[in-house]
Amino acid sequence: MNIRDQIKKDVRQTTDNLQLTTDELEVDLARTNDAKNGDFATNLAMKLAKQAKQNPTEIAKKLAGSLQKQGYIEKVEVAGPGFVNIFVKAEVWQKEVEKVLKETKDYGSNNLGKGKKARVEFVSANPTGPLHFGNARGGPLGDTLARVFEASGYKVLREYIHNDIGGQVQKLGETIANVAKGQKLEDQEYKGEYIKEIIEKIGDFKTPAEAGKLAVDMMLDETLKDCEAMGIKFDKVYPESGFVQSGDTERAIAELDKKGFIKEKDGARWFAPNDEFLKDRETVVVKTDGSYTYFSNDIAYHKIKFAEGDDLVVDIFGANHHGHVPRLQAVIKALGGDVSIFHVILYQWVRFKKGGEVIAMSKRSGNFVTAREVIEMVGSDAVRFFILMHDANSHIDFDLDLAREKSSKNPVFYVQYAHARISSIMAKEESRIAKGEIDYQLLATDYELNLIRKIARLPELVEDISQTFAVNALTTYATELADSFHKFYENCKVLDSQNEEMTRARLGLVGATRITLANTLNLLGISAPAKM
RNA sequence: GCGCCCGUAGCUUAAUGGAUAGAGCACUCCGCUUCGGACGGAGCGGUUGGGGGUUCGAGUCCCUCCGGGCGCACCA
């Protein structure tokens with residue numbers, strides 16, 4: 001149990017003892033930004049005050065008085081309108097260093113998902129062209145989320161749907177056939193130099209349909225290569241055509257029909273959920289020509305997702321698909337799935353700037369920035385950090401000139417530099433940690449304790465993200481951790497020939513920092529270099 | 001017209017409804033006879049797009065207006 005959980009437990013115990021109900025109230029325990037407010041603070045007294053119609057300060061005082069008796073607590077103060085500020089004894093933090101050194105790679109992980117399964121679908125790019133950088137945003141997001149789930153004990157499936165059938169594939173095939181026959185690119189539905197590249201790569205084909213199929217399968221391979229270049233590997237790729245061929249789509253629609261969710265209209269078949277909330281969500285599943293829409297294949301896919309006993313089903317889509325979300329929720333409900341375990345993360349589009357101007361882009365015009373270009377320009381580490389820095393909900397403006405010219409300004413290097421700096425010391429001196437007991441109570445300056453507090457934050461953060469899915473908190477954390485280290489390093493001399501005990505304690509702390517930094521970078525899918 | 005997302009310092013942005021809105025870049029100074037200066041320290045820079053409201057407390061929730069992005073297919 002980490003210290004935060006311990007305090008939460010004790011706070012709840014305290015309110016129970018004081019006969020203040022907390023059943024509906026989460027015990028809110030925040031890390032504080034300011035040392036004078038202690039290590040943790042809770043606003044529980046203010047919330048309880050409202051419920052119990054009492055003075056918040058009085059409640060806070062009772063809470064504080066009771067908490068004070070816990071052995072690990074240094075002091076408890078009541079501040080402001082009723083905050084309870086909790087100061088933890090230094091020895092609690094000092095012990096954390098030993099814990100990190102003992103747990104090494106496992107430091108930061110937890111058991112929230114132990115024995116559970118999660119699946120994350122991401123990227124699933126339109127294969128009619130190269131992977132666009134905007135669409136690549138889903139890659140690091142999904143992969144890091146999967147890593148966080150794994151660190152929380154889940155068994156995770158990374159999955160991808162390959163849209164290898166449908167109208168757009170047909171059109172692409174026609175364009176390829178036309179261009180191969182010598183027609184001009186300008187006259188085609190799909191433009192862009194990559195059409196010529198496709199023709200070179202796929203070789204001979206007999207029909208436009210075959211050309212389309214060859215092309216999208218080739219594009220899939222390319223996209224998966226781009227993902228691999230960012231350290232992303234999928235466990236399973238589902239070709240959309242597979243759902244039709246296996247009969248899964250047909251069976252899924254039949255099941256919906258049997259349950260009364262399919263109706264005929266205008267010669268087509270529609271998914272028509274009959275409950276009030278979903279009244280206007282009617283969508284075509286079978287076209288008048290008898291073929292299935294993408295949506296019906298996605299129904300089959302989600303039926304499979306919910307049939308395999310997962311505890312968490314996550315889809316990561318570009319925000320342009322947001323209209324798709326309520327339909328999927330309706331389908332899952334209609335099929336009897338548990339919507340509460342279904343989460344969709346929508347990420348907003350990335351815009352590109354060049355010379356201060358926003359570049360307009362579309363796949364059909366052939367004018368877009370590919371993931372590959374950007375990865376080659378700035379490297380996988382900088383790309384991942386840049387993407388993961390931002391809340392999925394926020395729009396990103398990506399300045400291509402800046403990325404090209406000043407990629408070393410990317411904060412990822414600040415974090416990696418801290419790791420390299422540490423590695424340099426540890427390379428020579430690491431063995432000294434192992435020589436017998438170390439007195440970590442020697443680590444008593446603010447620089448040292450702040451660094452340890454920050455280190456101890458990782459396990460809390462991983463727990464939080466496995467529930468909020470807000471992976472961007474990891475990059476903020478990585479930067480803060482590096483910052484705490486640099487400040488420590490600037491002010492505390494590690495290797496001191498006059499003081500062997502202190503040297504060993506500080507080496508222990510440096511070692512613990514390296515582990516924590518490396519584990520954080522690993523969650524981000526970013527390398528932790530020993531040299532730069 | 002209806003719906004979703006965003007608007008925070010010159011730029012890029014952070015902040016489970018909490019305390020003095022936190023960083024990086026840029027700009028101005030300062031710090032290597034000491035473990036990696038890709039670092040540290042100090043400064044400059046904010047009426048969190050405008051206006052109402054809810055709340056003990058709002059960047060965060062509600063309403064409204066403005067600005068930007070994206071959806072509202074027998075496309076995927």
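Across the protein-nucleic acid pair, A:Asp397 atom CG and B:U8 atom P stand 10 Å apart, rounded to whole Å. A:Leu507 has its CG atom 9 Å from the C1' atom of B:C35, to the nearest Å. Between the CZ atom of A:Phe385 and the P atom of B:A14 there is a distance of 12 Å, rounded to whole Å. Counting to the nearest Å, the C1' atom of B:C35 and the CZ atom of A:Arg432 are 11 Å from each other. Spacing between atom CZ of A:Phe40 and atom P of B:A19 amounts to 17 Å, rounded to whole angstrom units. Remark: P of B:G40 and CZ of A:Phe485 are 11 Å apart, rounded to the nearest angstrom.
Side-chain atoms of A:Thr479 lie closest to B:A23 of the nucleotides B:A23, B:G18, B:U16. Ranking B:U12, B:A19, B:G36 by closeness to the A:Ile425 side chain, first place goes to B:G36.
Partners of A:Trp349 by ring pair (Phe, Tyr, Trp, His ring centres under 6.0 Å), not counting sequence neighbours, listed by chain and number: A:His132. Under the side-chain contact (heavy atoms from CB on, under 4.5 Å) criterion, A:Leu220 pairs with A:Tyr160, A:His162, A:Leu224, A:Val237, sequence neighbours left out. For A:Lys62, the salt bridge (Lys or Arg N to Asp or Glu O under 4.0 Å) test picks out no residue, with sequence neighbours left out. Taking the side-chain contact (heavy atoms from CB on, under 4.5 Å) definition, one finds that A:Ser291 meets it with A:Lys287, A:Asp289, sequence neighbours left out. Residues meeting the side-chain hydrogen bond (donor to acceptor under 3.5 Å, both in side chains) test with A:Ser431, sequence neighbours left out: none. For A:Tyr477, the ring pair (Phe, Tyr, Trp, His ring centres under 6.0 Å) test picks out no residue, with sequence neighbours left out.
Comparing B:U34 with B:C39, their C1' atoms are spaced 14 Å from each other, to the whole Å. The gap from the P atom of B:U47 to that of B:G22 amounts to 14 Å, rounded to the nearest Å. A distance of about 7 Å separates the C1' atoms of B:C66 and B:G50, rounded to the whole Å. With P as the reference atom, B:C27 and B:A15 are 27 Å apart, rounded to whole Å. Using P as the reference atom, B:U48 and B:C11 are 16 Å apart when rounded to the nearest Å. Straight-line distance between the P atoms of B:C4 and B:G41: roughly 44 Å, to the nearest whole Å. The C1' atoms of B:U55 and B:C62 are separated by 12 Å, rounded to the nearest whole Å.
Of the side-chain N and O atoms in A:Arg421, one or more sit less than 4.0 angstrom from OP1 or OP2 of B:G37. Regarding contacts with the backbone of B:C39, every side-chain N or O of A:Asn491 stays at 4.0 angstrom or more from both OP1 and OP2.
Within the 4.0 angstrom heavy-atom criterion, no nucleotide atom of any strand lies near A:Ala49. Heavy atoms of A:Ala473 sit nowhere under 4.0 angstrom from any nucleic acid atom. Heavy atoms of A:Ile396 sit under 4.0 angstrom from primed sugar atoms or phosphate atoms, though from no base atom. Using a 4.0 Å heavy-atom cutoff across all strands shown, A:Asn393 reaches sugar-phosphate atoms only and no base atom. Within 4.0 Å (heavy atoms only), A:Asp391 reaches sugar-phosphate atoms of the nucleic acid but no base atom. Note on A:Ala418: nothing from the nucleic acid sits closer than 4.0 angstrom, heavy atoms only. Across all strands shown, A:Ala470 has no heavy atoms under 4.0 Å from either base or sugar-phosphate atoms. Among the protein residues, A:Ala45 comes within range of no part of the nucleic acid, since none of its heavy atoms lies under 4.0 Å from any strand. Using a 4.0 Å heavy-atom distance criterion, A:Asp28 is classed as a base contact.
Just one of A:Asp248, A:Leu328, A:Val285 meets the side-chain contact (heavy atoms from CB on, under 4.5 Å) condition when paired with A:Ile299; it is A:Val285.
Judged by distance alone, with hydrogens and angles left aside, A:Asn85 brings a side-chain donor or acceptor within reach of the base of B:A19, the pair sitting under 3.5 Å.
Under a 3.5 Å cut-off, the side chain of A:Thr32 and the backbone N or O of A:Ala41 do not form any donor-acceptor pair.
Residue whose closest nucleotide on RNA chain B sits further toward the 5' end, between A:Thr468 and A:Met532: A:Thr468.
For the atom pair CG of A:Leu346 and NE2 of A:His322, the computed distance is 8.0 Å after rounding to the nearest 0.5 Å.
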Mark up nucleotides 69-76 of chain B, 5' to 3', with B wherever a protein heavy atom is under 4.0 angstrom from a base atom, S wherever such an atom reaches only the sugar-phosphate, and - elsewhere.
-> BBS--BSB
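Between A:Tyr414 and B:G24, no base-stacking contact is recorded for ring centres under 5.5 Å apart and planes less than 30° from parallel.
Ring geometry for A:His486 against A:Tyr417 counts as parallel: the plane angle stays under 30°, on a 0 to 90° scale with 60° as the upper cut.
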Ignoring hydrogens and angles, write down the donor-acceptor pairs under 3.5 Å from the side chains of residues 468-475 of chain A, residues two or more places apart or on other chains.
unit_1	atom_1	unit_2	atom_2	d
A:Thr468	OG1	A:Asp464	O	3.2
A:Thr468	OG1	A:Ala470	N	3.3
A:Thr475	OG1	A:Asn472	O	2.8

After noting the C-alpha distance and the side-chain angles of A:Phe386 and A:Phe398, does the key distance pass the ring pair (Phe, Tyr, Trp, His ring centres under 6.0 Å) rule?
-> CA-CA 9 Å; A:Phe386 175 78; A:Phe398 187 76; 4.7 Å; yes
After noting the C-alpha distance and the side-chain angles of A:Tyr194 and A:Glu222, does the key distance pass the side-chain hydrogen bond (donor to acceptor under 3.5 Å, both in side chains) rule?
-> CA-CA 12 Å; A:Tyr194 71 88; A:Glu222 296 297 315; over 6 Å; no
For the pair A:Asp298 and A:Arg327, evaluate salt bridge (charged side-chain N to carboxylate O under 4.0 Å, His left out) and give the outcome as yes or no after the intermediate values.
-> CA-CA 10 Å; A:Asp298 214 20; A:Arg327 290 203 291 262; over 6 Å; no
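A:Ser152 and A:Asn110 share a side-chain donor-acceptor pair at under 3.5 Å. Side-chain polar atoms of A:Asp381 and A:Ser527 form a donor-acceptor pair below 3.5 angstrom.
Heavy atoms only, all atoms of each residue included: A:Pro127 and A:Val216 are closest at O-CG1, 3.5 Å.
Counting heavy atoms from C-beta outward, A:Phe488 and A:Val494 have side chains that approach closer than 4.5 Å. Side-chain contact between A:Leu29 and A:Ile86: present, with at least one pair of heavy atoms (C-beta onward) separated by less than 4.5 Å.
Counting only Watson-Crick or G-U wobble pairs whose defining distances are both under 3.5 Å, the stems of 3 or more consecutive pairs in RNA chain B are B:1-7 with B:66-72, B:10-13 with B:22-25, B:27-31 with B:39-43, B:49-53 with B:61-65.
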Shorter than 3.5 Å, N or O on both sides, protein versus nucleotides 53-61 of chain B: list them out with atom names.
none

Output a table of nitrogen or oxygen pairs between the protein and nucleotides 28-33 of chain B separated by less than 3.5 Å.
unit_1	atom_1	unit_2	atom_2	d
B:G31	N2	A:Glu490	OE2	3.4

Distances under 3.5 Å between protein N/O atoms and the N/O atoms of nucleotides 41-45 of chain B, please, pair by pair.
unit_1	atom_1	unit_2	atom_2	d
B:G41	OP1	A:Lys487	NZ	3.3

